[in-house]
Amino acid sequence: MKIISWNINSLRLRLMLLERLVITQNPDIICLQETKVQDVDFPMLEVQNLGFKFVAFAGEKSYNGVAILSKLPLTNIKKYDILDFGHKRHIAATLPDETIIHNFYVPAGGDIPDVKLNDKFDFKLKFIDWMVEYFTKNYCQNQKIVMLGDMNIAPLINDVWSHKQLLGVVSHTPIEVKKMMNLQASLNWIDAHRIFVPDSEKLYSWWSYRELDPFKSNRGRRLDHIWITPNLGNNLKKAEVFKDFRIAFKPSDHVPIGVDIL
DNA sequence: ATGGTTGGACCCCAA
């Protein structure tokens, strides 16, 4: 089973790129963030024509929005309005083999890494706390969970182009990284991509639109993640980053990332 | 040290 996560930054604008992803990678499941489409305008026909019979989405006008596109039946679909901000940043569903998929779009957190000066940063930190509490309280033994999405945090030194220069930049500040480590510890989550790419190697999933030639300057960050519970560890066969999508025509600033799980 | 770009709505906000 191949599962892909992608912050698509407008689903309707990038249906052609989504089609390319489906044709080249043939995933069973695609989890999207920043769909930027309210539910009444969701391009259901287009998505079904790409082969996804089972679709779950939670969207709003202009901002946020998440979706799960699946070739396998989805049951027990859940959408949480985390911290009651009215933001569509979470959707979850259960697969036929009982594996649960949680798709998150964690708040970016604004520019100033200070909760007293910046409400958005406060929201981001509390959002991660909510995730920790949710998984701690709701986990049942032997449950298989895939938790993925745009976490908007690059936790490791080699998840950013310059650890030193980004220590004060929202996405790589010590306080966020600590929160993310708390979350990782909550269920002993496995960071799928770092099983295959050692911590000593640079690995990115996002490059700013403000770079003229993103791969030349290569000032990337790994903001997108796929984590699995330890009981899925032996089933994890591959983890990929589809870098080419960053230099496609009209790209998202994030590229799709994927895992193969038996 | 600063500004650079994009998407979607509206005359700017969030990223």
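This one's a predicted model, so the numbers in the text were calculated from it and none came from an experiment. Lettering of chains follows the sequences in order, A, B, ..., and the numbering in each one begins at 1.
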Pick out the pairs of N or O atoms, protein on one side and nucleotides 11-15 of chain B on the other, that lie under 3.5 Å.
unit_1, atom_1, unit_2, atom_2, d
B:dA14, OP2, A:Lys120, NZ, 3.4
B:dA15, OP1, A:Arg89, NH2, 3.3
B:dA15, N6, A:Arg210, NH2, 2.7
B:dA15, N1, A:Arg210, NH2, 3.3

Exercise. What integer distance in Å separates A:Arg14:CZ from B:dG7:C1'?
Worked result: 8 Å
For this session: Output yes when A:Lys216 and A:Glu211 qualify as a salt bridge under the 4.0 Å nitrogen-oxygen rule, no when they do not.
Result: no
For this session: Could you measure between the two P atoms, the one in B:dC10 and the one in B:dT6, and give it in whole Å?
Result: 22 Å
Problem set entry | Inter-nucleotide P distance (B:dG3, B:dG7), Å rounded | 23 Å
Problem set entry | Whole-Å C1' distance, B:dA15 and B:dA9 | 14 Å
Seminar exercise, completed: Taken to the nearest whole Å, CG/A:Leu17 to C1'/B:dT6 is 14 Å
Scan the side chains in residues 45-57 of chain A for donor-acceptor partners under 3.5 Å anywhere in the protein, sequence neighbours excluded, and list what turns up.
unit_1, atom_1, unit_2, atom_2, d
A:Asn49, ND2, A:Leu45, O, 3.4

Exercise. Starting at CD of A:Gln33 and ending at C1' of B:dG7, how long is that distance when rounded to a whole Å?
Worked result: 16 Å
Exercise. B:dT5 P sits how many Å from A:Arg219 CZ, rounded?
Worked result: 15 Å
Would you list the atom pairs, donor with acceptor, under 3.5 Å between side chains in residues 160-171 of chain A and any protein atom, with sequence neighbours excluded?
unit_1, atom_1, unit_2, atom_2, d
A:Ser162, OG, A:Gln165, N, 3.0
A:His163, ND1, A:His172, NE2, 2.8
A:Ser171, OG, A:Arg221, NH1, 3.1

Exercise. Rounded to the Å, how far apart are A:Ile8 CD1 and B:dG7 C1'?
Worked result: 13 Å
Exercise. Are A:Asp81 and A:Arg89 ion-paired here, with the side-chain N under 4.0 Å from a carboxylate O?
Worked result: no
Problem set entry | Basic-acidic side-chain contact under 4.0 Å: A:Arg20, A:Asp244 | no
Exercise. Heavy-atom distance under 4.5 Å between the side chains of A:Gln33 and A:Asn64, does that happen here?
Worked result: no
Exercise. How many Å lie between CD on A:Glu211 and P on B:dT5, as a whole number?
Worked result: 11 Å
